[in-house]
Every structure is written in C-alpha cells, then in structure tokens.
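First up is the structure itself, then whatever we jot down about it.
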Amino acid sequence: MNITVRYFANMRDRMGRAEDSVAVDGETITVEELWGRVSPQQTLPANVLIAVNMEYTDASRALKNGDEVAFFPPVTGG
Amino acid sequence: MNITVRYFANMRDRMGRAEDSVAVDGETITVEELWGRVSPQQTLPANVLIAVNMEYTDASRALKNGDEVAFFPPVTGG
Amino acid sequence: MKVIVQEGLFDPYQVTRDYEARCLPVGKHGAVVTFVGTMRDFNDGHNVSAMFLEHYPGMTERHIEAVCQEAAEKWDVIDALVLHRHGDISVSEPIVLVAVWSAHRAHAFDACRYIINYLKERAPFWKREATTQGHQRWVEHNTEDPGVNSQGTKQKTA
Amino acid sequence: MKVIVQEGLFDPYQVTRDYEARCLPVGKHGAVVTFVGTMRDFNDGHNVSAMFLEHYPGMTERHIEAVCQEAAEKWDVIDALVLHRHGDISVSEPIVLVAVWSAHRAHAFDACRYIINYLKERAPFWKREATTQGHQRWVEHNTEDPGVNSQGTKQKTA
C-alpha cells in the first residue's frame with residue numbers, strides 16, 4: 001500500500017522536505033512505524049501533532065492504503 | 001432655594017410635563033419631600049429611579065439650592 | 001477613549017475602522033472586540049416596527065464614560081469607543097457600538113462585555129416601541145446578560 | 001455560516017458589513033460580536049517586523065468549520081463568519097476575523113469567544129516571525145485565553 005506523508009512548519013525544516021511517498025509491503029503499519037521509515041535516525045518528538053486524512057489522531061493509529069499522514073508542531077494561528 | 005425637577009419617559013407622561021421649578025422656603029428638603037410638593041396626590045412609585053445632578057441617589061438625599069433632580073423609570077438602552 | 005451619543009444612523013463598522021486608523025498606535029493591539037446592538041423586529045413577544053430612544057443629555061454620556069473608565073481599570077485596555085444613538089430608530093438599524101482594543105483577546109472580550117452590560121444597567125436611555133398593531137409602549141426592562149460564559153445553556157435567554 | 005482562508009490583506013469591518021448586508025435576514029439579530037486579531041510589533045519579548053503564516057490547505061478549513069458548528073450547537077447563533085489569512089503579514093494588519101450574529105448578546109459573545117479560542121487550539125496554522133534583528137523563528141506556542149470572564153485580573157496574561 002501507499003502512504004503520503006506531509007511535514008509542516010519546523011517539521012518540514014527538520015526533515016529537509018515537505019512530503020514523502022512511502023510504499024509499504026506488509027498488511028498494516030501504524031503511524032509510529034511509518035515514522036520509523038521516514039526518520040530512522042530519530043524517534044517521534046513528543047510534542048509533534050499527527051493528522052491522518054486531515055483529522056487529529058495519535059501514533060498508534062493503523063494506516064490503510066491511500067492515507068495522507070501529516071506531522072507538524074503545535075498550531076499557532078489566530 | 002430653587003430646585004429644578006425633570007421627568008423622563010413614562011414619568012413625564014404621568015406628570016404631564018417635562019420639568020418643574022420648585023422654590024423651597026425652608027432650610028432643607030429631601031428628594032422624598034420634594035416629590036410630595038410636585039405630586040401631592042401620589043406617593044413616589046417604588047421602581048422610580050432618582051438622580052441628583054446626574055448622579056444616582058435615593059429618596060432620603062437632602063437637596064441644596066440649584067440642584068437638578070430627575071425622576072425616571074428603569075433604563076432600557078443598549 | 002471616546003463616548004458619542006448622537007441622533008441619526010451610523011455605520012458601526014466604518015466608525016470602528018475610522019477610529020482605529022485615526023486614534024490607535026500602529027502595532028500595539030493584538031485584539032479588537034466589537035459589540036453592535038441592532039433593532040430587532042420583535043421584542044417581548046411583540047412585533048415591533050419602529051422605536052424612539054429617549055435619553056438624559058449630560059447624564060447619559062457621564063455614566064457611559066464612567067463604565068468605560070471602570071473597564072479600563074479592570075483590564076488592559078488600549079482604547080475604547082462607544083457610540084449610542086437616541087431618537088427615532090428603524091428595524092435592523094444599529095443602536096449601539098462598543099469597540100475595545102487590547103494587546104490580549106481575553107481582556108478585549110471581558111472589557112467589551114462589561115461596558116455593554118453596565119451601560120445597559122446604568123446609562124439613562126428609555127425605549128418606546130411602536131408595535132405593528134399601531135400601539136406605542138415604553139419598554140419596561142431590558143433582557144439580561146448573566147455576564148458569564150453560559151456554555152451549554154442554549155435555552156437560557158440572555 | 002462561512003469560513004474563508006485566504007492570502008492577502010482584507011478589511012475585517014468591510015467584510016463584516018458586506019456579509020451582513022448580503023446574508024443576514026433583516027431585523028432578526030439584535031447582537032453582533034466581532035473579534036479581529038491583528039499583528040503586533042512585539043511577541044514573547046521580541047520586536048517583530050513581519051510574519052509568515054503557513055497552513056494545511058483543506059485541513060485548516062475543515063477544523064474551523066467544525067469549531068463554528070460546535071458553537072452553533074451550544075448557543076443561539078443566527079450566522080457566523082470566519083476569515084483567516086495565510087502567507088506574508090505585516091505589522092498592524094488583520095490576521096483573523098470572527099463575526100457572530102445572534103438574537104441575544106450573551107450568545108453572540110460566548111459563541112465568538114468559543115470560535116476564536118478553539119480555532120487557535122485546533123486549526124493548523126503556524127507562525128514564523130521575522131524579528132527586527134533579522135532572525136526568523138517559528139512561534140512555539142500561542143498565548144492562552146482562560147475562556148472565562150477574568151474580572152479583576154488585570155495582571156493575568158491571556
């Protein structure tokens with residue numbers, strides 16, 4: 001299955017890219033395992049927010065084919 | 001001494017006039033006694049508000065020469 | 001701070017914008033809260049077609065100014081503007097504008113709400129409504145704002 | 001109800017007036033509360049000269065709409081309008097407008113405050129400030145609104 005991964009604000013700066021496309025062979029993968037694929041050197045920072053298909057979720061969320069996963073810092077709008 | 005008395009809203013309707021000028025012979029007079037002079041037939045209605053020189057006060061307030069006394073119903077602005 | 005009591009229609013949004021451009025220092029406020037009270041076509045179960053708003057010239061301005069002053073003592077207020085109409089008012093027209101500028105939004109919200117609540121309680125104005133049945137009546141009391149956040153109390157009239 | 005996320009300057013007061021003229025039924029609302037958040041020239045002890053506001057197209061709009069919907073379920077809201085900028089923003093320019101129309105002022109105040117508070121908490125926007133010393137930094141956290149009337153707490157930062 002294929003997962004789109006997006007990074008915003010200082011997470012994009014840290015990753016050095018805005019987006020990844022990840023092909024997963026196995027049956028399932030959680031957000032946390034996905035993070036291990038895109039950032040093998042560093043565990044998921046504690047205050048990073050996670051959205052799947054534009055809804056907030058947590059690192060244990062299981063992903064399915066076509067999901068869009070986003071990693072970003074606490075929001076500061078308004 | 002001379003006291004100006006003003007009536008607003010339904011108090012003006014009830015009195016049939018907007019203003020009285022009252023000459024007082026004695027040394028002192030309270031708002032309540034003043035009311036007795038301008039409206040001998042009727043005691044001061046309970047919910048009527050009183051201002052002396054544009055500040056809220058009550059019926060026991062003693063008046064002095066030149067004071068402006070106003071009687072009006074609860075306010076309904078805004 | 002400025003308090004205006006005037007006869008005749010005004011545009012509360014243009015007044016707010018013009019006042020801000022003319023009187024507010026650039027870049028100091030982070031929050032502006034405005035309240036605009038407008039005339040509804042119903043009140044207390046009556047259909048209303050027009051209104052006359054009487055006031056007590058001098059006393060009205062003095063008490064609105066006192067309320068603004070109190071708000072500025074309680075919260076961080078950079079500036080405040082109140083404009084209140086008197087005289088004849090038609091349905092859907094603005095009656096009152098309260099605008100508060102602050103560095104912080106909580107202060108702007110609290111101060112604006114305080115000003116309109118205490119203005120309604122203390123500033124001498126009296127509404128006389130003309131109903132669609134052709135009757136005139138003095139409005140006896142204002143609706144109340146409990147003055148606190150009433151989350152989850154949709155049925156509460158305020 | 002309408003939510004707009006756009007690049008480029010807007011006039012919050014003209015937008016509010018135009019929306020009211022175009023979309024609100026005549027004579028039904030008695031209260032309009034607006035909140036305008038503007039860019040200050042200082043934040044967290046830094047002097048700030050300019051700002052870039054990033055967002056997540058699609059997710060941002062969806063979450064602002066959800067917050068407006070929640071407010072409309074909690075209070076009597078006739079209509080609500082939210083306009084939020086992204087992109088480059090200069091000192092003193094408006095960043096966000098929240099306007100709420102209601103029959104009653106308590107509902108308009110509560111709903112407007114709820115929308116801006118939860119928008120700031122949940123809508124994906126990220127501020128990058130340019131300080132007057134020429135540095136750029138991502139803003140780490142927003143200031144908070146306790147969400148309750150903070151009468152008498154002038155020292156409280158919110």
Side-chain angles (χ1 to χ4, degrees), chain B residues 1-22 29-35 37-39 41-78, chain C residues 3 5 12 35-40 43-44 48 51-67 82-87 89 94-98 112-129 136-145 158:
Chain B
M1 63 183 185
N2 279 285
I3 308 290
T4 301
V5 192
R6 303 181 67 176
Y7 313 105
F8 291 93
N10 69 6
M11 286 300 290
R12 186 184 50 242
D13 295 351
R14 187 183 296 190
M15 301 298 280
R17 55 194 188 275
E19 201 167 320
D20 278 317
S21 183
V22 178
I29 186 172
T30 64
V31 169
E32 189 154 25
E33 290 160 352
L34 176 74
W35 176 262
R37 298 279 292 270
V38 298
S39 179
Q41 317 301 333
Q42 194 197 15
T43 57
L44 189 57
N47 69 338
V48 165
L49 300 179
I50 300 160
V52 172
N53 301 330
M54 301 186 178
E55 295 294 341
Y56 288 102
T57 188
D58 59 55
S60 67
R61 163 80 170 254
L63 300 168
K64 61 183 198 307
N65 186 37
D67 278 351
E68 175 173 300
V69 181
F71 296 101
F72 49 78
V75 305
T76 53
Chain C
V3 171
V5 178
F35 170 81
V36 178
T38 58
M39 193 190 154
R40 293 180 302 179
N43 188 26
D44 255 357
V48 180
M51 186 172 87
F52 176 81
L53 195 52
E54 184 176 339
H55 78 305
Y56 185 170
M59 180 167 176
T60 304
E61 292 86 344
R62 181 187 296 199
H63 283 265
I64 299 175
E65 282 162 10
V67 170
V82 177
L83 199 161
H84 204 301
R85 284 179 71 183
H86 65 90
I89 297 173
I95 300 168
V96 58
L97 160 71
V98 178
C112 185
R113 195 163 184 163
Y114 181 92
I115 292 171
I116 184 63
N117 282 354
Y118 285 91
L119 181 160
K120 278 178 176 267
E121 194 170 300
R122 293 176 356 209
F125 286 104
W126 304 277
K127 287 175 181 159
R128 191 179 65 217
E129 291 177 343
Q136 293 213 337
R137 62 171 201 125
W138 288 102
V139 176
E140 305 244 320
H141 58 272
N142 263 338
T143 54
E144 279 171 36
D145 177 357

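Below, each value reflects all heavy atoms present in this structure, side chains not excepted, and no hydrogens, waters or symmetry copies. Per chain, numbering begins at 1; letters A, B, ... match sequence-line order. All values derive from a computational prediction rather than experimental measurement.
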Open item on the list: Strictly below 4.0 Å, N to O, side chains only: are C:Glu54 and C:Lys127 in salt-bridge contact?
Closed with: no

Open item on the list: Rounded at 0.5 Å granularity, tell me how far CZ in C:Arg113 sits from CD1 in C:Ile115.
Closed with: 13.5 Å

Open item on the list: Sort by residue number and list every residue of residues 41-50 of chain B having at least one heavy atom under 4.5 Å from chain C.
Closed with: none

Task: Presence of salt bridge, B:Glu55 and C:Arg62, under 4.0 angstrom - done: yes

Open item on the list: Please tell me whether C:Trp126 and B:Asn10 have a donor and an acceptor in their side chains that are separated by less than 3.5 angstrom.
Closed with: no

Task: Proximity of C:His84 and C:Phe125 rings by center, below 6.0 Å - done: yes

Open item on the list: Give the interface residues of residues 59-66 of chain B toward chain C, defined by a heavy-atom separation under 4.5 Å.
Closed with: none

Task: More than 12 heavy atoms of other groups within 6.0 Å of B:Glu32 CD - done: no

TODO: State, without any angle test, whether B:Asp20 and B:Tyr7 hold a side-chain donor-acceptor pair at a distance under 3.5 Å.
DONE: yes

Task: Expected output: side-chain B:Thr4 to main-chain B:Ser21 donor-acceptor under 3.5 Å - done: no

- [ ] Would you confirm whether B:Ser39, through its side chain, and B:Trp35, through its main-chain N or O, come within 3.5 Å as a donor-acceptor pair?
- [x] no

Open item on the list: For C:Arg122, is there any backbone N or O sitting under 3.5 Å from a side-chain donor or acceptor partner on B:Tyr56?
Closed with: yes

Open item on the list: Can you tell me which portion of C:His63 sits under 4.5 Å from chain B's heavy atoms? Options are side chain, backbone, both or neither.
Closed with: side chain

